Trainee: 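Dumping the structure here so I can ask a few things about it.
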Amino acid sequence: MRSTEIKPEMDGERVIIAGWVHEVRDLGGLVFIVIRDRDGFIQITLPKKTVNLEMFKKAKKISRESVIKVEGIVKREDKAPNGFEIIPDIFEILSESHSPLPLEVTEKVPADLETRLDNRFMDLRRPKVSSIFRIKSQISKSIRDFLSNRGFIEVHTPKIVSTATEGGTELFPISYFEREAFLNQSPQLYKQILMSAGLEKVFEIGPIFRAEEHNTTRHLNEATSVDIEMSFVDHEGVMEILEEMVKKVYGNVIEKCEKQLKTLEIELEVPKTPFKRITYTEAIKILENKIPWGEDLDLQALKTIGNEIGGFYFITEWPTKIKPFYVMPFEDDRICKSFDLMYGYIEIASGAQREHRYEKLLENIKRRNLYPESFEFYLKAFRYGIPPHAGWGLGLERLIMAMLGLSNIREAMLFPRDRTRLVP
Ligand code: AMO
């Protein structure tokens, strides 16, 4: 049985439980063991006088974090953590833990992030850490449900590719038989091709790979991206989907992850939609024109803007030249139909209406000194009828960072990959 399935009202009933030895308290003639499973804690109590002596000795010697299986009788006990304890008559060691432990599982001793990540299997045994991933699982499920209910089909695009989408310097090259290939930075080109294919509304939740040199608290070299692409809409249509999705995800997490939020000591509120929208030009004004029009917003600039606005907001109408070749410009082609969804200073998502006019797209590729030949497989899909379309990509770990107030994105990844980390 799971720890959460046993209640004090089951007094006198026989149960079997299994889990890790979280704590052992040896009072001489009385041994208390706290067993931890995925859902919680259970105390088992072994009074020397009444239990089998062999078993008593075995329990007394058990090392912390060993995995044990216990069969015994539930006894109502107001002083025990959940109002009951278990008096065992069978005590089986399934796997004995070595000691000393590489990391403390009890929250008593803080450890630095590097040590925690080096011993992630152990770190994840801490309820505060595993709660993050229970919430992450709920978020993925909510996103799938939300998008599926809106008629999106889930797709899986290749992760081994031949061209860059977001810029050449951030690519990881790999050897692909006799050729060079790359790990994909974004499903961008493929999700757009699927608009030519007539799928109309697609989404993907999958890994993206970015060879970012800089080691920051917001960047990973392998992250999870939630991507959508939709036909016959403009950027505003997909911004509405994005904000409604974020709102729904918050609502679902509040409803379904009450226990995990409590463990993390977080009180969440559903953000109100529509989110605020400011244009890039307005953002520059907040910065009192410290950044010249046309330049990208750096961290300091985003912090100033984030402090001024707070919560979720969109930055729209970006200068065309600092956004990728596939975005659609406005009539005044200095600005484009591109947007970023921000939370404070963190960029959560970015998207745009796309350039679907073949000639213009070709021109954009050339203007950015990219090779049209490398994009032929993509460009081809624009020559035989493609609807106007728009979409966005959202960093799942960034959303979790924002939602749970995590100070480092690595906390939101089970096994993060960064500039120096390739194991575990
Ligand atoms: P962009 O490059 O802005 O856009 O990426 C989309 C979102 O993905 C997340 N993200 C990252 N998260 C963690 N570590 C990283 N290194 C990292 N890089 C990106 C961010 C970001 O907002 N093709 C477009 C999307 C589109 O237009 O549909 C794209 O990839 O949250």
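As the structure lists them, so they are numbered: ligands from 1, and atoms in each ligand from 1. These numbers were taken from a predicted model, which means no experiment stands behind them.
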Trainee: Could you tell me, atom by atom, which parts of ligand 1 come under 4.0 Å of a heavy atom of R218?
Mentor: 13 (C), 14 (N)
Trainee: Have Q43 and T45 got a donor and an acceptor in their side chains that come within less than 3.5 Å?
Mentor: yes
Trainee: In this structure, which one of R354, K191, Q192, H356 forms a side chain to side chain donor-acceptor pair (under 3.5 Å) with H389?
Mentor: Q192
Trainee: Please evaluate residues F375 and F325 with respect to the criterion ring-ring contact (aromatic ring centres under 6.0 Å, His included), reporting the C-alpha separation (whole Å), side-chain torsions for both, the decisive distance (0.1 Å), and the verdict.
Mentor: CA-CA 12 Å; F375 290 91; F325 68 84; 5.1 Å; yes
Trainee: Counting each atom of ligand 1 from 1 as listed, which ones have a heavy atom of G395 under 4.0 Å away?
Mentor: 7 (C), 8 (O), 9 (C), 31 (O)
Trainee: Which atoms of ligand 1 are found less than 4.0 Å from any heavy atom of S186?
Mentor: 23 (N), 30 (O)
Trainee: With heavy atoms under 4.0 Å as the rule, classify the contact between F339 and ligand 1 as side chain, backbone, both or neither.
Mentor: neither
Trainee: Any N/O of A352 closer than 3.5 Å to an N/O of ligand 1?
Mentor: no
Trainee: Can you tell which of R210, Q185, H214 gets a heavy atom nearest to atom 2 (O) of ligand 1?
Mentor: R210
Trainee: Number the atoms of ligand 1 from 1 as they appear, then name those within less than 4.0 Å of a heavy atom of I409, with their elements.
Mentor: 13 (C)
Trainee: What do you reckon, does R354 put a non-hydrogen atom under 4.0 Å from ligand 1?
Mentor: yes
Trainee: Among I305, T279, N289, find the residue that satisfies the side chain to side chain contact (heavy atoms under 4.5 Å, CB included) test when tested with I284.
Mentor: N289
Trainee: Find all atoms of ligand 1 within a distance of less than 4.0 Å from any non-hydrogen atom belonging to G351, and give their numbers and elements.
Mentor: 27 (O)
Trainee: If we only consider heavy atoms of E397, is any one of them less than 4.0 Å away from an atom in ligand 1?
Mentor: no
Trainee: Taking the six-membered ring of F91, is the NZ or CZ of K58 close enough (under 6.0 Å from the centre) and on axis enough (within 45°)?
Mentor: no
Trainee: Return yes when A349 approaches ligand 1 closer than 4.0 angstrom through a heavy atom, no otherwise.
Mentor: yes
Trainee: Under the side-chain hydrogen bond (donor to acceptor under 3.5 Å, both in side chains) rule, collect the residues that match up with T217, sequence neighbours excluded.
Mentor: none
Trainee: Which of the atoms in ligand 1, numbered in the order shown and given with their element, are less than 4.0 Å from a heavy-atom of S350?
Mentor: 1 (P), 3 (O), 4 (O), 22 (O), 25 (C), 26 (C), 27 (O), 28 (O)
Trainee: On the 0 to 90° scale, with breaks at 30° and 60°, tag the F314-F275 ring pair as parallel, tilted or perpendicular.
Mentor: tilted
Trainee: Tell me the side chain to side chain donor-acceptor pair (under 3.5 Å) pairs involving residues 400-422, sequence neighbours left out?
Mentor: E114-R421, R116-E411, D118-R421, E213-R419, N215-R410, N408-R410, R410-D418, D418-T420
Trainee: Considering the options M328, R357, E355, which one meets the side chain to side chain contact (heavy atoms under 4.5 Å, CB included) requirement together with N364?
Mentor: E355
Trainee: For R398, which part has a heavy atom under 4.0 Å from ligand 1: side chain, backbone, both, or neither?
Mentor: side chain
Trainee: I208 versus ligand 1: do any nitrogen or oxygen atoms come within less than 3.5 Å of each other?
Mentor: no
Trainee: Is the contact between Q192 and ligand 1 made by the side chain, the backbone, both, or neither, using heavy atoms and a 4.0 Å cut-off?
Mentor: neither
Trainee: Backbone, side chain, both or neither: what part of K191 comes under 4.0 angstrom of ligand 1, heavy atoms only?
Mentor: side chain
Trainee: Identify, by atom number and element, the atoms of ligand 1 in contact range of W392, meaning under 4.0 Å from any of its heavy atoms.
Mentor: 26 (C), 28 (O)
Trainee: Does E317 reach the side chain of F330, with side-chain heavy atoms less than 4.5 Å apart?
Mentor: yes
Trainee: Using a 4.0 Å cut-off to any heavy atom of Q188, which atoms of ligand 1 qualify?
Mentor: 23 (N), 24 (C), 25 (C), 26 (C), 27 (O), 28 (O)
Trainee: Distance-only, no hydrogens or angles: does the T115 side chain make a donor-acceptor pair with backbone N or O of A111 under 3.5 Å?
Mentor: no
